[in-house]
Amino acid sequence: MRISFEIFPSKDGAVAAPLGESLDSLAPLGPAFVSVTYGAGGSTQDRTIASLRHLVEQTNIPAAGHLTCVGRPRQQVDEVARQYQAVGVTRIVALRGDPATGPGTPYIAHPDGYGTGAAMVAGIKRVCNLPISVSAYPEKHPESPSYDADLDALAAKVDAGADEALTQFFFDNTHYLRYLERVRARGIGVPIVAGIMPIHDFGQISNFAGRCGTSIPERLARRFDGLEHDESTRRLVAANVAAEQVLGLVDAGVTDFHFYTLNRPDLAYALCRLLDIHPGVPTGAVSP
């Protein structure tokens, strides 16, 4: 099994305690990389770079930097990609980013910016030689008019040089498995890494899912019903639900997973232990 984690940058420009705790607990699990998010319009740029520098200089974890192009000219996006390579980042997670006016509103590119995720990938490839991960949507991107259009967008990113795709989180494995079938039928051969979001707060995750078009099965909602004020039980249920989901995918032949931690290292660590991922034991290589 190949695993990776997503974390947020620290809030103060240095590596604050929560981020340090995340890294301390996740590093021994041998992730393929840890990615650090990047705020819309570059709002966390300095903090993201500081966190990536800490990853590179103070840990043995391969560091991946998120990069978005919304609201920014090409030259600024290219310069951040160069900075990432200069500090030792080993991968870029290239995401177009949500419209500046919020999810569900039309995306309007900066007049001098990249108009699509594919154009951004091609631009990054021109200025640095790092592997690039892009986004994929098992339940279709909210802005895509059809599944075919969504696959066309993914194919364009791969043709532009993307090396793998990390999916939006999902809670019904059939969505991912059907999506994978469509991707392969479309002739797209890069790894499609399953994005997994442990549910630390059902209300918060439900709101997030609604904004990005992710469905939540009723059976899953029942598991968390009445636990709003019972954090200890909620954490146990969250870890077990996520582990069940991953094991179901493993049974279907899936080997690559990207865990959205929301800077909750305790929950991510518990999930990994339930999956029999132990500190110091290699988690394997990327699938073909």
Side-chain angles (χ1 to χ4, degrees), residues 4-27 29 31-103 110 113-114 117 120-121 123-124 127-128 130-135 166 168-169 195 197-198 200-201 204-205 207-208 211-212 258-269:
S4 55
F5 300 103
E6 177 187 289
I7 61 174
F8 300 148
S10 58
K11 294 182 178 180
D12 59 1
V15 180
L19 176 57
E21 291 170 3
S22 294
L23 299 178
D24 288 345
S25 60
L26 300 179
L29 298 173
F33 61 85
V34 168
S35 67
V36 182
T37 61
Y38 188 81
S43 58
T44 67
Q45 178 176 319
D46 291 343
R47 292 184 281 125
T48 297
I49 292 175
S51 298
L52 289 167
R53 183 176 288 110
H54 176 86
L55 270 170
V56 171
E57 296 177 354
Q58 304 298 326
T59 79
N60 61 354
I61 309 172
H66 284 226
L67 184 54
T68 66
C69 62
V70 61
R72 312 201 78 191
R74 292 185 298 271
Q75 294 83 352
Q76 289 185 12
V77 175
D78 295 350
E79 179 55 30
V80 175
R82 293 188 186 98
Q83 289 183 52
Y84 282 175
Q85 183 160 270
V87 302
V89 167
T90 60
R91 175 177 295 273
I92 291 177
V93 180
L95 310 169
R96 189 204 68 183
D98 290 329
T101 49
H110 187 283
Y114 293 115
M120 180 185 178
V121 170
I124 293 171
V127 299
C128 69
L130 296 175
I132 295 178
S133 301
V134 294
S135 55
L166 310 176
Q168 177 64 273
F169 66 91
M197 175 84 81
H200 73 286
D201 182 315
Q204 181 181 5
I205 298 302
N207 290 334
F208 190 19
R211 293 197 301 271
C212 62
H258 186 63
F259 298 134
Y260 297 104
T261 72
L262 299 178
N263 282 21
R264 294 292 302 265
D266 54 342
L267 189 51
Y269 185 82

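Atoms considered below: every heavy atom in the structure, side chains included; atoms not considered: hydrogens, waters and symmetry mates.
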- List the steps, then state whether side chain to side chain contact (heavy atoms under 4.5 Å, CB included) holds for R72 with H110. CA-CA 6 Å; R72 312 201 78 191; H110 187 283; 5.7 Å; no
Q. Does a side chain donor of either S133 or R91 reach within less than 3.5 Å of an acceptor in the other side chain?
A.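 There is such a pair between these side chains.
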Task: Test item: side-chain donor near acceptor, H258 and S4, under 3.5 Å - done: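 Short answer, yes.
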Open item on the list: Given 3.5 Å as the limit, does a donor-acceptor pair link the side chain of N263 with the main chain of I7, or not?
Closed with: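 No, N263 side chain to I7 backbone: no donor-acceptor pair under 3.5 Å.
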Checklist entry - Checking T68 side chain against R96 main chain: does a donor-acceptor pair fall under 3.5 Å? => result no
Can you give me the closest heavy-atom contact between [X] and [Y], atom names plus distance?
| X | Y | answer |
| --- | --- | --- |
| L55 | V34 | CD1-O, 3.9 Å |
| A268 | T261 | CB-CG2, 4.0 Å |
| P131 | T90 | CD-O, 3.2 Å |
| Y114 | C69 | O-SG, 3.8 Å |
| V89 | G65 | CG1-N, 3.7 Å |
| A64 | L52 | O-CD2, 3.5 Å |

*asked:* Would S51 and F8 count as a side chain to side chain contact (heavy atoms under 4.5 Å, CB included) here? Give the steps.
replied: CA-CA 9 Å; S51 298; F8 300 148; over 6 Å; no
Interatomic spacing from [atom1] in [X] to [atom2] in [Y] - rounded to 0.5 Å:
| X | Y | atom1 | atom2 | result |
| --- | --- | --- | --- | --- |
| R47 | T37 | CZ | OG1 | 8.5 Å |
| L26 | Y269 | CG | OH | 9.5 Å |
| I124 | R82 | CD1 | CZ | 11.0 Å |
| D46 | Q83 | CG | CD | 8.5 Å |

* Begin with the C-alpha distance, continue with both residues' side-chain angles, and end with the deciding distance and a verdict on side chain to side chain contact (heavy atoms under 4.5 Å, CB included) for L262 and M197. => CA-CA 8 Å; L262 299 178; M197 175 84 81; 3.7 Å; yes
A side-chain contact here means heavy atoms from C-beta on lying under 4.5 Å apart; do I61 and P31 qualify?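 A side-chain contact under 4.5 Å exists here.
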Between D78 and C128, is there a side-chain heavy-atom distance shorter than 4.5 Å? no
* Aromatic plane relationship, Y38 with Y84 - under 30° parallel, 30 to 60° tilted, over 60° perpendicular -> perpendicular
Review point. Do the rings of F5 and F259 sit parallel, tilted or perpendicular, given the 30° and 60° boundaries?
Key: tilted
Assess whether side chain to side chain contact (heavy atoms under 4.5 Å, CB included) is satisfied between L166 and E6, documenting all intermediate values.
CA-CA 11 Å; L166 310 176; E6 177 187 289; over 6 Å; no
**Asked** side-chain hydrogen bond (donor to acceptor under 3.5 Å, both in side chains) between H66 and S35: does it pass, once the steps are laid out?
**Response** CA-CA 7 Å; H66 284 226; S35 67; 3.1 Å; yes
